[in-house]
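Worth saying up front: this structure is predicted, and the values here are computed from it rather than measured.
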Amino acid sequence: MDGVPETHTGWTFLTSHARVLAAIAEDQRTRIRDIAVRCRLTERAVQKIISDLEEDGYLTHTREGRTNAYQIEPGTILRHPAEAGMTVEALLSALAQHDAQRERSTGAPTGERDS
């Protein structure tokens, strides 16, 4: 897994899909390689997740030269019945607030600290 800083075993609270979506929300022109490093996934896993998100209407992309520009569909409802009515926008807002609070308390930019 080139570019993946460390492995993780066991379960986590956020899915890889949520992590990838949050990474794209932070930079809509980010590269798959950069998403993989940030989310500690392989590039292949990120490609599959992006495909899943596009297939279910959470995300679209357009080519801009050699890169992709992603567009998140903020009004899309989350899939699990326990989150009935919660939108992607609400999820990303909560994650952004958490990142901002954490950044203020550690003094490190979001992408440069350990999760």
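- Take Arg44 and apply the salt bridge (charged side-chain N to carboxylate O under 4.0 Å, His left out) test, not counting sequence neighbours, and it matches no residue.
- Arg63 is linked by a side chain to side chain donor-acceptor pair (under 3.5 Å) to Asn68, counting only residues two or more places apart in sequence or in another chain.
- In this structure the side chain of Ile49 never reaches within 4.5 angstrom of the side chain of Ile35, judged on heavy atoms.
- Between the OH atom of Tyr70 and the CD1 atom of Ile32 there is a distance of 4.0 Å, given to the nearest 0.5 Å.
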Under 3.5 Å donor-acceptor pairs involving side-chain atoms of residues 72-82, not counting sequence neighbours:
from, atom 1, to, atom 2, distance (Å)
Thr76, OG1, Gly57, O, 3.3
Thr76, OG1, Glu73, O, 3.0
Arg79, NH1, Asp56, OD2, 2.4
His80, ND1, Ala82, N, 2.9

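- A heavy-atom distance below 4.5 Å is found between the side chains of Glu64 and Thr67.
- Residue Glu89 is tested with Thr87, Leu92, Leu91 for a side chain to side chain contact (heavy atoms under 4.5 Å, CB included); the sole match is Thr87.
- The NE2 atom of His17 sits 10.0 Å away from the CD1 atom of Ile50 when rounded to the nearest 0.5 Å.
- Judged by distance alone, with hydrogens and angles left aside, the side-chain atoms of Glu54 form a donor-acceptor pair with the main-chain N or O of His61 at under 3.5 Å.
- The structure places CZ of Arg19 at 14.5 Å from CD1 of Ile24, a figure rounded to the nearest 0.5 Å.
- Using a 4.5 Å heavy-atom cutoff, the side chains of Asp34 and Asp27 are not in contact.
- In this structure, Arg31 CZ and Glu43 CD are separated by 8.5 Å, a value rounded to the nearest 0.5 Å.
- When the shell of 6.0 Å around CD of Glu83 is examined, it contains more than 12 heavy atoms from other residues, nucleotides or ligands.
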